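A, B, ... follow the sequence lines: proteins, then strands. Residue 1 opens every chain. Remember, it's a predicted structure, so these values are computed and weren't measured experimentally.
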Number of protein chains: 2
Amino acid sequence: MGKGAETRERLLSIAEAAILAKGFGATSIDELIAEAEITKSGFFYHFKDKTELARALVRRYLEQDEILLDNLFKRARELNEDPLHAFLIGLKLFAEMMADLPEGHPGCLVATICYQERLFDKDIHDLTRNGTLAWRKRFIELLNEISETYPPNDDVDMVEVADFISTIVEGGIIMSKALREPEKLAGQILLFRSYIKLLFNPRMF
Amino acid sequence: MGKGAETRERLLSIAEAAILAKGFGATSIDELIAEAEITKSGFFYHFKDKTELARALVRRYLEQDEILLDNLFKRARELNEDPLHAFLIGLKLFAEMMADLPEGHPGCLVATICYQERLFDKDIHDLTRNGTLAWRKRFIELLNEISETYPPNDDVDMVEVADFISTIVEGGIIMSKALREPEKLAGQILLFRSYIKLLFNPRMF
DNA sequence: CAAGTACAGTACCGTCGGTACAGTTTAATC
DNA sequence: GATTAAACTGTACCGACGGTACTGTACTTG
């Protein structure tokens with residue numbers, strides 16, 4: 001990574017932390033450049049305005065997220081080739097990863113942007129929407145594979161179940177923050193795991 | 001309601017909508033007074049600063065929320081005196097209420113504040129935390145009553161299950177916004193209902 | 001050594017949160 | 001009918017911030 005790309009990455013990391021803690025509108029460029037130890041000109045060299053910073057931030061966030069989830073569920077599949085058990089293992093790994101964050105989850109950029117919709121243009125909203133649809137696609141594929149072997153015990157739409165995990169992670173982050181209980185997120189992910197167990201349990205009824 | 005209280009309420013409603021759409025830091029007092037058609041002096045007559053506006057906003061939000069949930073689950077109990085079935089009816093009523101919001105849920109103030117933590121003092125964070133704990137208390141009581149008659153089919157902590165509904169509502173609001181699918185929230189609440197059905201179903205195993 | 005990269009420096013504009021304080025309208029109270 | 005408090009309006013001002021514009025320069029690379 002060249003010198004320019006390094007400064008850019010540093011700016012993105014500082015901005016992400018600040019925006020997740022204070023919101024986009026309340027995050028000043030002045031504070032970002034103070035922490036990054038560059039000047040305003042330096043900032044505007046990398047991003048032509050605040051909107052472009054936001055765009056770059058979301059893109060980076062979704063890419064990193066994709067890689068993380070890819071690795072996690074690939075590892076889970078290597079530990080057990082049955083799709084249901086692999087998914088349950090993946091969820092446990094995910095919960096453990098969330099539990100290991102000492103200060104709790106720092107927050108999801110998608111959520112921040114949704115809760116400040118008026119500040120962003122269609123471009124950014126399309127990015128977050130496509131990111132969310134990518135989560136849906138990932139989990140639908142896993143769930144469809146599971147339901148081929150294990151018929152579900154309740155008549156539920158698999159798209160809803162696929163979105164359920166995203167809902168619970170987003171909600172769990174908020175509950176962790178609101179309650180000041182960092183472990184809450186992991187606990188809620190494990191409850192989703194409990195639901196999956198009950199939904200696909202072959203010994204039911 | 002006197003003239004003063006009326007203006008105050010109008011200000012609070014305008015501020016709530018603006019803050020849920022743009023965030024606290026990005027909401028200017030100037031835009032609030034423009035929409036309320038009063039002057040800056042008028043604003044500072046009612047609230048000594050922006051922080052006091054936030055405090056009043058959260059208090060009002062949690063009070064209204066409490067009343068809404070009280071009525072909803074009281075009505076559900078009147079329709080069926082079995083605690084499990086009453087709860088399932090309550091969840092259906094809740095989902096229907098959320099589905100009836102034409103533009104989707106406008107957002108939860110607790111979530112907004114959690115995602116802009118650095119902007120608020122301990123006072124406000126205590127308010128949101130106590131609000132969340134009130135949700136927990138409400139649902140723990142309902143769940144404990146259910147589990148006396150219906151032993152749960154999985155070994156889960158009832159506190160986690162009580163928080164699960166709050167998690168799903170908070171997450172469902174974000175998913176609705178991110179996907180631009182207002183119905184998503186109701187669908188996710190109904191999935192929680194599906195979980196409750198599976199968890200307490202007496203015909204299991 | 002020329003050229004681009006990666007910034008620094010300086011100056012300026014309009015907006016915003018907040019303060020201060022004097023003046024005015026309206027409705028209830030004595 | 002005068003008094004008084006509530007509910008504002010009007011005006012002026014401050015420092016911080018987002019953003020623009022343009023010039024200058026150290027460092028690196030071909």
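- Legend: salt bridge (charged side-chain N to carboxylate O under 4.0 Å, His left out) pairs involving residues 80-101 of chain A, not counting sequence neighbours: none detected.
- If you check the side chains of B/Ser13 and B/Arg60, you find a donor sitting under 3.5 Å from an acceptor.
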After noting the C-alpha distance and the side-chain angles of B/Glu160 and A/Gln188, does the key distance pass the side-chain contact (heavy atoms from CB on, under 4.5 Å) rule?
CA-CA 7 Å; B/Glu160 289 292 339; A/Gln188 297 291 292; 2.7 Å; yes
side-chain contact (heavy atoms from CB on, under 4.5 Å), that's the test. Do A/Leu84 and A/Thr149 meet it? Break it down for me.
CA-CA 9 Å; A/Leu84 175 57; A/Thr149 326; over 6 Å; no
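- At the phosphate of D/dC8, OP1 or OP2 sits under 4.0 Å from a side-chain N or O atom of B/His46.
- For residues 112-124 of chain B, proximity to DNA chain C is found at no residue, defined as any non-hydrogen atom under 4.0 angstrom from a strand atom.
- For A/Glu31, the salt bridge (Lys or Arg N to Asp or Glu O under 4.0 Å) criterion is met by A/Lys22, not counting sequence neighbours.
- The separation between B/Arg10 atom CZ and D/dA7 atom C1' is 12 Å, rounded to whole Å.
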Are any protein N/O atoms closer than 3.5 Å to N/O atoms in nucleotides 28-30 of chain D? If there are, list each pair with its distance.
none

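- A 6.0 Å sphere centred on CD of B/Glu37 holds no more than 12 heavy atoms belonging to other residues, nucleotides or ligands.
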Passes side-chain contact (heavy atoms from CB on, under 4.5 Å), B/Thr51 versus B/Leu119? Steps please.
CA-CA 9 Å; B/Thr51 309; B/Leu119 299 182; over 6 Å; no
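- With respect to the salt-bridge test (charged N to carboxylate O, under 4.0 angstrom), the residues A/Glu63 and A/Arg59 do not qualify.
- Rounded to whole Å, atom P of D/dA7 lies 19 Å from atom CD1 of B/Ile33.
- In this pair, A/Phe24 and A/Phe120 present their aromatic rings tilted. The plane angle is within the 30 to 60° band.
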Using a 4.0 Å heavy-atom cut-off, write out nucleotides 11-21 of chain D from 5' to 3' as B (base contacted by protein), S (sugar-phosphate only) or - (no contact).
B-----SBBB-
Name the atoms and distances for all side-chain donor-acceptor pairs under 3.5 Å in residues 102-115 of chain B, with sequence neighbours left out.
residue: B/His105; atom: ND1; partner: B/Gly107; partner atom: N; Å: 2.8
residue: B/Thr112; atom: OG1; partner: B/Cys108; partner atom: O; Å: 3.2
residue: B/Tyr115; atom: OH; partner: A/Cys108; partner atom: N; Å: 2.8

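- Taking 4.0 angstrom as the limit, B/Tyr45 places none of its side-chain polar atoms (N or O) nearer than this to OP1 or OP2 of D/dC8.
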